[in-house]
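What follows is one structure encoded as structure tokens, with my remarks underneath.
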There are 2 protein chains.
Amino acid sequence: MGSGKTTSFDIAHKAGVSQATVSRALRDSPLVNPKTRERIKQIARELNYRVDRSAAGLRSQHSKTIALLLYEDPTTDDSQINPFFLSLLGHITRTAAAEKYDVLISFQQLSDDWLHEYQISNRADGMILLGYGNYAHMAAKLTRLSDEGARFTIFGLSTADLKGHTISGQNLEGGELATKHLVSLGRKRIIFLGDASDEHPEFKLRYEGYCKAHQEAGLPIDPSLKILSENQETAGYEAVAQLLESGLEFDALFAVTDLIAFGALKCLRKSGIKVPQEISVVGFDDLPAASYFSPSLTTIKQDTRLAAEALVKNLIGMIKGEDVQSQQLPLFLKIRGSCGGRKT
Amino acid sequence: MGSGKTTSFDIAHKAGVSQATVSRALRDSPLVNPKTRERIKQIARELNYRVDRSAAGLRSQHSKTIALLLYEDPTTDDSQINPFFLSLLGHITRTAAAEKYDVLISFQQLSDDWLHEYQISNRADGMILLGYGNYAHMAAKLTRLSDEGARFTIFGLSTADLKGHTISGQNLEGGELATKHLVSLGRKRIIFLGDASDEHPEFKLRYEGYCKAHQEAGLPIDPSLKILSENQETAGYEAVAQLLESGLEFDALFAVTDLIAFGALKCLRKSGIKVPQEISVVGFDDLPAASYFSPSLTTIKQDTRLAAEALVKNLIGMIKGEDVQSQQLPLFLKIRGSCGGRKT
DNA sequence: CTGAAAGCGCTTACAG
DNA sequence: CTGAAAGCGCTTACAG
């Protein structure tokens with residue numbers, strides 16, 4: 001038909017109906033006679049017609065797109081993305097696709113302008129935030145965004161003042177699970193490796209679980225065993241190197257993420273320390289690479305598929321104006337070789 | 001002002017100019033008086049105004065978006081994405097952002113409908129394809145897409161009939177580099193592990209490099225050393241398990257990807273075979289996890305940043321109607337511990 | 001350098 | 001169940 005691109009008017013002309021009916025039929029409106037609908041769809045197929053997303057988006061004011069915003073800490077080099085977020089990525093895009101939403105992806109510094117960059121500009125109907133850097137800085141911003149009507153979900157946090165926006169693992173229980181496992185193997189001086197400050201509430205909860213496990217076992221909580229490490233492999237390596245140099249006695253190490261655990265394992269290997277005979281190591285996340293080390297890493301598994309589904313479904317619920325609930329997902333102890341005991 | 005969203009008419013009203021002038025000013029048109037432009041931009045900032053992407057896209061027929069389509073082989077389980085593609089992802093989004101393009105991401109089976117799903121529907125101005133499954137099936141489709149005016153770039157291939165669309169590493173040279181390294185360490189019976197059939201032209205080229213290195217060293221090419229493995233960790237594991245069971249003699253192993261090498265290393269470890277003392281192993285890609293193994297994996301490094309930049313810039317060039325050239329990017333030998341010799 | 005006007009291709013009240 | 005009409009918010013010839 002003619003020279004330009006195929007439009008709904010072309011379909012209408014061929015089908016002998018109005019353009020409005022074509023629009024309704026292609027969107028499966030119940031207002032259209034089933035036979036008419038099938039005829040229209042058949043013609044659309046023959047002409048390789050697709051609804052123009054810009055036109056539909058302009059008219060309906062919905063882009064049917066969600067923006068996935070990955071925050072990278074400015075201190076890390078720009079090449080490496082937190083692999084835990086990467087493992088959410090596939091499930092997020094698949095869940096969104098099943099709900100007929102496109103996914104825009106962006107890795108960037110925190111801008112004050114998410115809301116405007118994506119929602120106000122009609123590029124996305126809502127946002128999924130992964131990573132948030134320093135929570136002390138973020139908390140106020142998230143609350144304000146929520147008040148301004150931003151539609152977003154965020155992974156990792158479980159703060160009460162962001163009802164419906166947050167999806168996280170049961171971090172306290174996870175930390176307890178990891179620590180109990182080490183205690184059950186007879187470990188007494190367990191290093192906690194990570195940043196359990198207010199900047200990282202989810203890591204702080206894991207530390208609280210660590211403390212709870214100690215209390216329940218009647219073990220003392222020694223603050224000198226709480227060692228700071230940023231959430232990077234190199235930071236884990238450095239922290240353990242300093243730890244070994246300090247001469248502090250310890251027989252186990254709970255790394256608050258697998259990434260930190262990877263660095264720790266590398267450093268212990270380099271130092272000739274036997275895992276798990278001398279030091280037991282447990283991580284958190286269950287990244288795919290946890291099985292690459294020898295011994296392979298015992299860790300707390302987060303179900304990234306469930307997390308991704310919750311992030312997407314809560315967000316789409318919000319977009320549709322439904323009431324959604326925040327969720328804390330269960331975590332599981334995945335026993336491999338790095339703690340000793342059962343498997344190797 | 002008033003109740004609805006802020007539009008360019010609101011800005012125009014406040015600035016005392018026409019809406020057309022606002023549109024021009026915000027797009028930095030040289031047609032606008034610099035002072036007027038600054039005044040308009042200032043007002044836009046004050047009102048938190050953003051151009052509506054759907055409206056702009058409809059009018060201009062450009063979405064300023066590129067679609068990143070990751071093909072997953074239907075035989076793999078749906079949870080694991082090829083980590084090499086993941087390492088391209090960050091660089092692709094950053095390069096696109098620098099060029100003012102959004103990135104839509106989709107993991108999906110090969111549909112015959114890319115062109116229509118994305119380009120015809122005005123969801124994206126072009127596509128980057130990562131992974132293509134069976135090349136025998138894909139080749140004709142890519143040629144047809146190209147003929148139909150699809151704008152796309154694809155990584156991995158270097159076929160002559162897709163001028164400008166393809167970006168790849170110098171696979172032959174890479175295979176030669178890897179094999180020469182093993183030969184230089186005195187290895188004589190080098191397993192080639194991977195699928196070097198016509199289904200995977202880039203792996204076939206790596207095998208040709210393997211052969212070339214043998215010829216140059218005066219070593220015979222023994223076809224029984226060419227072992228099939230799909231590009232998955234588990235496939236690499238299985239292939240090596242069978243290889244060991246077969247009793248075939250070999251002293252080195254060139255895995256056509258790191259992913260296969262990871263499986264191979266796991267199997268050798270499990271079987272108590274010492275790497276590199278008994279068997280030298282070299283991979284291809286230099287995934288982040290290559291350093292997790294002990295010994296860490298010697299491999300051929302692909303520069304994912306350069307590859308991503310080429311994929312994005314060629315695609316945007318095509319979108320703008322420019323003439324673009326296919327590229328084959330240089331590869332580098334990254335020596336770690338798995339081959340013996342220098343480092344550990 | 002600026003403005004008035006057209007129109008991109010849809011969705012959705014409104015009327016029947 | 002269907003159609004005529006309006007209008008979403010821009011960009012871009014066209015005219016001056």
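Numbered from 1 within each chain, the chains take letters A, B, ... in sequence-line order.
Note on Ser8(A): a side-chain N or O is less than 4.0 Å away from OP1 or OP2 of dC10(C). Residue Thr36(B) places at least one side-chain N or O under 4.0 Å from the OP1 or OP2 atom of dT2(C). OP1 or OP2 of dT12(D) lies within a sub-4.0 Å distance of a side-chain N or O belonging to Arg27(B).
Heavy-atom distances to DNA chain C give each of Ala56(A) and Ala20(B) a nearest nucleotide, and the one nearer the 5′ end belongs to Ala20(B). In this structure, Gly16(B) and Ser60(B) both approach DNA chain C, and ranking their closest nucleotides by distance from the 5' end singles out Gly16(B).
Candidate nucleotides dG3(C), dC1(D), dT2(C) were compared by shortest atom distance to the side chain of Ser18(B), and dG3(C) ranks first. Distance from the side chain of Val17(B) is smallest for dG3(C) among the nucleotides dG3(C), dT12(C), dC10(D). Distances were taken from every side-chain heavy atom of Gln19(A) (C-beta onward) to each of dG3(D), dT11(C), dG9(D); the shortest belongs to dT11(C). Closest to the side chain of Thr21(A), from the set dG9(C), dG3(C), dG3(D), is dG3(D). Side chain of Thr7(A), nearest nucleotide from dC1(D), dA4(D), dG9(C): dG9(C). When each of dC1(D), dG9(D), dC1(C) is scored by its nearest atom to the side-chain atoms of Pro34(B), the top-ranked nucleotide is dC1(C). Distances from the side chain of Asp52(A) to the nucleotides dC8(D), dC10(C), dT11(D) place dC10(C) closest. Distance from the side chain of Val51(B) is smallest for dC10(D) among the nucleotides dC10(C), dG3(C), dC10(D). Each of dT2(C), dC1(D), dG9(C) was ranked by its minimum atom distance to the side chain of Val32(B); first place goes to dT2(C).
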Report task. Give the intermediate values and the outcome of ring pair (Phe, Tyr, Trp, His ring centres under 6.0 Å) for residues Tyr71(A) and Phe85(A). Result -> CA-CA 10 Å; Tyr71(A) 171 65; Phe85(A) 294 145; 9.5 Å; no
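Atom OG in Ser326(B) sits 7.5 Å away from atom CG in Leu162(B) (nearest 0.5 Å).
Between the side chains of Thr153(A) and Asn314(A), not a single donor N or O lies within less than 3.5 Å of an accepting N or O. Between the side chains of Gln42(A) and Arg39(A), no donor-acceptor pair is found at a separation under 3.5 Å.
Results of the side chain to side chain contact (heavy atoms under 4.5 Å, CB included) test with Leu315(B) over Leu311(B), Ile319(B), Val312(B) single out Ile319(B) as the only residue that passes.
Across all strands shown, dG16(C) is found opposite dC1(D) as a Watson-Crick or G-U wobble partner, with both distances under 3.5 Å.
The NE2-C1' distance, from His62(B) to dT11(D), rounds to 11 Å in whole Å.
For a distance-only test at 3.5 Å, the side chain of Arg59(A) fails to qualify as a donor-acceptor partner of the base of dG9(D).
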